[in-house]
Amino acid sequence: MSERVVIVGAGHAGISTAFELREAGFAGPVVVLDQAGHEPYERPPLSKAWLAGAVSTGELAFRGPEVYARRRIELRTGVRVSAIDRGPREVVTADGARLPYDHLVLATGARPRALPVPGAGLAGVHRLHTLADALALRAALDGARALAIVGGGFIGLEVAAAARKRGVPTTVVEAAPRLMRRVVSEPVSAFYHRLHEEAGCVIRTEAAVGALTGEDGHVTGVRLADGATVPADMVVAGIGVVPETGLAGAAGLATGDGVLVDEALRTSDPAVFAVGDCARFPLGEAMVRLESVQNAADQGRAVAAAITGDARPYRDVPWFWTDQHGCKLQIAGIATGADEWAVVGDVQERRFTVLCWRRGALVAGESVNRPADHLALRRLIAAKASISPAAARAGGFTLKDHARSLAG
Ligand SMILES: Cc1cc2nc3c(=O)[nH]c(=O)nc-3n(C[C@H](O)[C@H](O)[C@H](O)COP(=O)(O)OP(=O)(O)OC[C@H]3O[C@@H](n4cnc5c(N)ncnc54)[C@H](O)[C@@H]3O)c2cc1C
């Protein structure tokens, strides 16, 4: 009897795992279960091209239904897994059915963090995680008179850009001293701050939200901790996500801001893996949890390799992107804890790269409208290339030349 893989979650991570299993030659049954009642789709365009009207809803689907059938991937949508019974190796679905597995892959993703303030449940308060959220948000934007966005991270700022494009008066309220602080260096924060202000967006940093105000059950504004109120008939909360660890935790697997996994993405039970937004894994000296398509897709490939007997430590260089006001930011590596940086290129021309070092090692690079730099950086960081800040600041420096010299 061939082994069966059951995957919980049909997002980027779950679907990548399924297809990569077939690529790796896995011949047994592959079953993907998802509580959502529709075909798997891409989330990134929801806050970018789709919201701007440049991509249709039909174009969001990962693949046509016939492709799943052709690769013998059994996709069951509208099925919520309510428990894992690790003794007999079975998952239990909400209707009480039991499905046996030899290998189980948790790809349950994350859910948006709820605004922890009074008024968060008022009508007119939106979040953006699913297609249903996006449809509601886009419809509301059409009639919005004043939009307040709580959270100056990727999603909040992408929505701000789309709203300004439609002419909606928009204010971004961010508790930290600068935009996207968790993920980018100071020069990049400052660049995007200016860009949004130039597009007519009001940005309020170091502004903690105390409550949402309302009238007749509908939101009327955002009251800040300092007592000021930002009037708004529409609010979008973009304050991050919380990993979906409920199933794993209830089954006695180790969790802690994510399902804890080892370098091969195995949980504390070797028959169970976790991938994508829900997984917390070792990367260098730290345990990290990443929320990106690259991470979800590459971890799917790594787990497929492990299941087919080719387990290797997952050490892929993380990369991320965002699109705001036509300025595409691509990030290679993780800049957390960086203590030095250098700017290469021309900030005024909106084409530059910020290189980030931590304790003398190049750890990340953030490229604005410089895709070739981004590709070079992914190679350089993977190779642990040594580039000094002084060399990067010298005239004539190019990342492409350095990446080329790796091959030589
Ligand atoms: C608006 C938006 C824009 C984004 N933009 C970018 C971007 O530009 N670049 C980038 O790299 N990343 C972006 N991301 C993040 C990226 O989409 C996620 O990192 C990625 O989708 C994670 O994939 P995943 O498979 O781990 O989780 P998810 O895509 O969240 O999928 C998890 C799935 O598991 C299902 N599930 C959970 N629990 C159960 C259960 N008990 N039973 C059955 N099914 C269950 C859920 O229904 C869900 O479909 C964006 C995200 C959003 C929301």
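In each ligand, atom 1 is the first atom listed, and ligand 1 is the first ligand listed. Counting begins at 1 with the first residue of the sequence. Because the structure is predicted, anything quoted here is derived from the model rather than measured.
- Few gaps surround CZ on Arg86; more than 12 heavy atoms of other groups in view lie less than 6.0 Å from it.
- Cation-pi contact between Arg266 and Phe281: absent, since separation from the ring centre below 6.0 Å together with deviation from the ring axis within 45° is not met.
- Taking any N or O of Val81, backbone or side chain, at least one lies under 3.5 Å from an N or O belonging to ligand 1.
- Residue Trp319 has no N or O atom closer than 3.5 Å to an N or O atom of ligand 1.
- A salt bridge between Arg359 and Glu285 is present, with a side-chain N of the basic residue lying under 4.0 Å from a carboxylate O of the acidic one.
- Applying the 4.0 Å criterion to heavy atoms of Ser292 picks out, from ligand 1, the atoms 10 (C), 11 (O), 12 (N), 19 (O).
- For ligand 1, the atoms sitting less than 4.0 Å from at least one non-hydrogen atom of Ala107 are 32 (C), 33 (C), 34 (O), numbered in the order shown with element in parentheses.
- Between the side chain of Ser82 and the backbone N or O of Val92, at least one donor-acceptor pair lies under 3.5 Å.
- When only non-hydrogen protein atoms are considered, atom 21 (O) of ligand 1 lies nearest to His12 CD2, 3.4 Å.
- At a 4.0 Å cut-off, at least one heavy atom of Trp321 sits close enough to ligand 1 to count as contact.
- Scanning the protein heavy atoms around atom 4 (C) of ligand 1, the nearest turns out to be Pro44 CA, 3.5 Å.
- In this structure, Phe154 has its ring center at least 6.0 angstrom away from the ring center of Phe320.
- For atom 2 (C) of ligand 1, the candidate residues are Val293, Leu46, Ile155; the nearest heavy-atom contact is made by Ile155.
- Atoms of ligand 1 found under 4.0 Å from any heavy atom of Gly9 (numbered from 1 in listed order, with element): 33 (C), 34 (O), 35 (C).
- Proximity of Val79 to ligand 1 is established by a heavy-atom distance of less than 4.0 Å.
- Those atoms of ligand 1 that come under 4.0 Å of a heavy atom in Glu291, given as number and element, are 19 (O).
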With side chain to side chain contact (heavy atoms under 4.5 Å, CB included) as the criterion, how do Leu260 and Met287 come out once you've worked through the C-alpha distance, each side chain's angles and the decisive distance to 0.1 Å? CA-CA 9 Å; Leu260 302 184; Met287 287 292 283; 4.2 Å; yes
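- The protein heavy atom nearest to atom 37 (C) of ligand 1 is Thr108 O, 3.3 Å.
- Panel note: side chain Arg370, backbone His374; no donor-acceptor pair is recorded below 3.5 Å.
- Those atoms of ligand 1 with a heavy atom of His129 less than 4.0 angstrom away are 30 (O), 53 (C).
- Between Arg204 and Glu174 there is no salt bridge, since no side-chain N of the basic residue sits under 4.0 Å from a carboxylate O of the acidic one.
- Here the closest heavy-atom approach between residue His129 and residue Tyr41 is recorded as O-OH, 4.5 Å.
- Residue-ligand proximity, Val8 to ligand 1, at heavy-atom distances under 4.0 Å covers atoms 40 (C), 42 (N), 43 (C).
- At least one heavy atom of Arg80 sits less than 4.0 Å from an atom of ligand 1.
- If you number the atoms of ligand 1 from 1 as listed, the ones under 4.0 Å from a heavy atom of Gly276 come out as 26 (O).
- For atom 17 (O) of ligand 1, the closest heavy atom belonging to the protein is Arg43 CB, 3.5 Å.
- For atom 46 (C) of ligand 1, the candidate residues are Ile7, Thr93, Asp34; the nearest heavy-atom contact is made by Asp34.
- Residue Glu244 does not touch ligand 1, judged by heavy-atom distances below 4.0 Å.
- The cationic group of Arg138 lies under 6.0 Å from the six-membered ring centre of Trp50 and within 45° of the ring axis, placing it in a cation-pi geometry.
- Remark: minimum distance from atom 19 (O) of ligand 1 to any protein heavy atom is reached at Asp277 OD1, 2.7 Å.
- Looking only at distances, no side-chain donor or acceptor of Thr229 sits under 3.5 Å from a matching main-chain atom of Pro231.
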After noting the C-alpha distance and the side-chain angles of Tyr68 and Ile15, does the key distance pass the side chain to side chain contact (heavy atoms under 4.5 Å, CB included) rule? CA-CA 10 Å; Tyr68 296 93; Ile15 295 300; 3.8 Å; yes
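- Remark: among candidates Ser47, Ala13, Ala274, the nearest residue to atom 1 (C) of ligand 1 is Ser47, based on non-hydrogen atoms.
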Donor-acceptor contacts, no H, no angles, side chain residues 207-215, under 3.5 Å, sequence neighbours left out:
unit_1, atom_1, unit_2, atom_2, d
Thr213, OG1, Thr220, OG1, 2.9
Thr213, OG1, Gly221, N, 3.1
Thr213, OG1, Gly221, O, 3.3

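- For His196, the ring-ring contact (aromatic ring centres under 6.0 Å, His included) criterion is met by His325, not counting sequence neighbours.
- Here the protein heavy atom with the shortest distance to atom 27 (O) of ligand 1 is Gly109 CA, 3.3 Å.
- Heavy-atom proximity to atom 8 (O) of ligand 1, evaluated over Lys48, Gln35, Glu42, is greatest for Lys48.
- The side chain of Leu247, and not its backbone, has at least one atom closer than 4.0 Å to an atom of ligand 1 (non-hydrogen atoms only; side chain from C-beta on).
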